[in-house]
Peer 1: 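Structure below; questions to follow.
Worth saying up front: this structure is predicted, and the values here are computed from it rather than measured.
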Protein chains: 2
Amino acid sequence: MSLLVHPSTENITLVGLLGALADPVRLLIVVGLLKGQGCMSCAEASPCPGIAKSTLSNHFRMLRQAGLIRTTKRGVEHRNVVRKDEIDALFPGLLELVVKLAEKESAENRPVGGDGGWPRSVGP
Amino acid sequence: MSLLVHPSTENITLVGLLGALADPVRLLIVVGLLKGQGCMSCAEASPCPGIAKSTLSNHFRMLRQAGLIRTTKRGVEHRNVVRKDEIDALFPGLLELVVKLAEKESAENRPVGGDGGWPRSVGP
DNA sequence: TCAATAGTCCCATAATATCGAACTACTGAA
DNA sequence: TTCAGTAGTTCGATATTATGGGACTATTGA
């Protein structure tokens, strides 16, 4: 059963948000949500080829737990929206800048994330 | 032997930087470096009680691998500095904003990071 | 009622983080 | 030179976390 627990605003932390954004898939999801509008299906939200459904579900759960998105059931699917107003109040400028930098990075031919160099990509 | 490998600027990614900052200890280290100046000992850099020396060493390695800091040997200790100019060129405004938000968070009595709510702090 | 769809949950496996202990490198005495 | 002390890294074991397949739940529409 999905209870769709969301943290209250006082439990949203900067480290939590950064961690939620520190994954290529999740970053693309969030940028997509912010540039488009609230998105429907998980699969729809992400330009993710060959990622298991359960993994995608986990990514959305992580975004939810970090307080980045709010998920509501709408019929058979889940509607995810970024908690923009709340996050802007807590951490003004963060979402805007991340979106801008992600777009800058991809515009410079450096695929957003890629493997992200995170975690674990450079030797000792 | 420590080779102190640093990624070249083209291998510094947004996801990598966010991941490096997505830890309470590392965030405090980076903020400390940016607010103070290049720091000497790992132990000195971090206001970290009861964190194992090897763990701290790993945190510095992660910051290094993400391209956030540059480490040079100076005598018996390692000198760590934030690669500010390079990161500012790649991702303008990121470091400044993160420092500002971390300070805002702690000013609001919400200890920066805490356990950070990341990873894993809210139930299903 | 039944099939189809959207997502979650559970499990096993793989990848990471943490920390103690051993080790390396450098410094500054004696 | 030798030796003790300091700063960090590396290694091994353990614990935590992510991934993906498959089963399961809930909702919709025929």
Side-chain angles (χ1 to χ4, degrees), chain A residues 1-6 15-16 18-27 29 38-46 48-66 69-81 113 115-124, chain B residues 1-6 15-16 19-27 29 38-46 48-66 69-80 113 115-124:
Chain A
M1 167 68 76
S2 57
L3 290 175
L4 295 184
V5 172
H6 297 81
V15 164
L18 294 175
L21 294 168
D23 177 279
V25 173
R26 294 196 295 269
L27 183 57
I29 290 174
C39 80
M40 317 261 278
S41 77
C42 294
E44 197 184 64
S46 65
C48 308
I51 292 191
K53 199 168 54 155
S54 56
T55 303
L56 220 37
S57 177
N58 276 329
H59 281 312
F60 275 95
R61 181 170 49 81
M62 292 181 209
L63 291 172
R64 204 159 48 231
Q65 291 179 352
I69 64 174
R70 186 176 297 282
T71 307
T72 52
K73 297 200 70 169
R74 170 168 277 235
V76 69
E77 63 196 5
H78 288 196
R79 183 171 213 77
N80 296 291
V81 297
D115 80 338
W118 192 267
R120 217 91 354 243
S121 76
V122 179
Chain B
M1 167 67 77
S2 56
L3 291 175
L4 294 183
V5 173
H6 298 81
V15 164
L21 295 167
D23 177 278
V25 172
R26 294 197 295 268
L27 182 57
I29 290 173
C39 78
M40 316 263 276
S41 76
C42 294
E44 196 185 66
S46 66
C48 308
I51 291 191
K53 200 167 53 154
S54 56
T55 302
L56 221 35
S57 176
N58 277 327
H59 281 312
F60 276 95
R61 182 171 49 82
M62 292 181 208
L63 291 172
R64 205 160 47 231
Q65 291 179 352
I69 64 173
R70 186 176 298 280
T71 308
T72 52
K73 297 199 71 169
R74 171 167 276 237
V76 69
E77 63 198 7
H78 287 196
R79 184 170 210 78
N80 297 291
D115 79 338
W118 192 268
R120 218 81 10 234
S121 76
V122 178

Peer 1: For a side-chain contact (heavy atoms from CB on, under 4.5 Å) with A:Leu63, tell me which candidate from A:Asn58, A:Asn80, A:Thr71, A:Ile29 qualifies.
Peer 2: A:Ile29

Peer 1: Please report, rounded to the nearest Å, how far the P atom of D:dG8 is from the CZ atom of B:Arg61.
Peer 2: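 To the nearest whole Å, that distance equals 15 Å.
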
Peer 1: Looking at D:dT27, C:dC19, D:dG8, which one has an atom nearest to any side-chain atom of B:Lys53?
Peer 2: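 That would be D:dG8.
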
Peer 1: Taking the nucleotide of DNA chain D with the nearest heavy atom to each, does A:Ser54 or A:Gly75 sit closer to the 5' end?
Peer 2: A:Ser54

Peer 1: Using whole Å, what does the distance between atom P of nucleotide D:dG20 and atom CZ of A:Phe60 come to?
Peer 2: 15 Å

Peer 1: Considering only heavy atoms from C-beta outward, does the side chain of B:Leu4 approach that of B:Lys73 to under 4.5 Å?
Peer 2: yes

Peer 1: It should be established whether A:Arg64 places a side-chain nitrogen or oxygen under 4.0 Å from OP1 or OP2 of nucleotide C:dT8.
Peer 2: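 So the side chain of A:Arg64 is within the cut-off, an N or O lying under 4.0 Å from OP1 or OP2 of C:dT8.
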
Peer 1: Find the distance A:His78:NE2 to D:dT25:P and express it as a whole number of Å.
Peer 2: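 Value for this atom pair: 15 Å.
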
Peer 1: List for me each residue that meets side-chain contact (heavy atoms from CB on, under 4.5 Å) alongside B:Thr55, sequence neighbours excluded, and say none if there are none.
Peer 2: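 Result, side-chain contact (heavy atoms from CB on, under 4.5 Å) vs B:Thr55: B:Ile51, B:Ala52, B:His59.
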
Peer 1: Between D:dG20 atom C1' and A:Met62 atom CE, what is the distance in whole Å?
Peer 2: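 So the two atoms are 12 Å apart, to the nearest Å.
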
Peer 1: Report the distance from atom CG of A:Leu4 to atom C1' of C:dT8, rounded to the nearest whole Å.
Peer 2: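 Rounded to the whole Å, the gap is 9 Å.
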
Peer 1: Kindly point out which of D:dG20, C:dT5, C:dC26 is positioned nearest to the side chain of A:Val76?
Peer 2: C:dT5

Peer 1: Specify the separation, in whole Å, of atom CD1 of B:Ile51 and atom C1' of D:dG8.
Peer 2: 16 Å

Peer 1: So do the side chains of A:His6 and A:Arg64 get within less than 4.5 Å of each other, counting heavy atoms only?
Peer 2: yes

Peer 1: Give the rounded distance in Å between these two atoms: CD of A:Glu77 and C1' of D:dT28.
Peer 2: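 Value for this atom pair: 11 Å.
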
Peer 1: On DNA chain D, nearest-nucleotide positions of B:Thr71 versus A:Thr55: which is more 5'?
Peer 2: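 Nearest nucleotide further toward 5': that of B:Thr71.
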
Peer 1: B:Asn58 has an atom CG; how far is it from atom P of C:dA15, in whole Å?
Peer 2: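 Result: 18 Å.
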
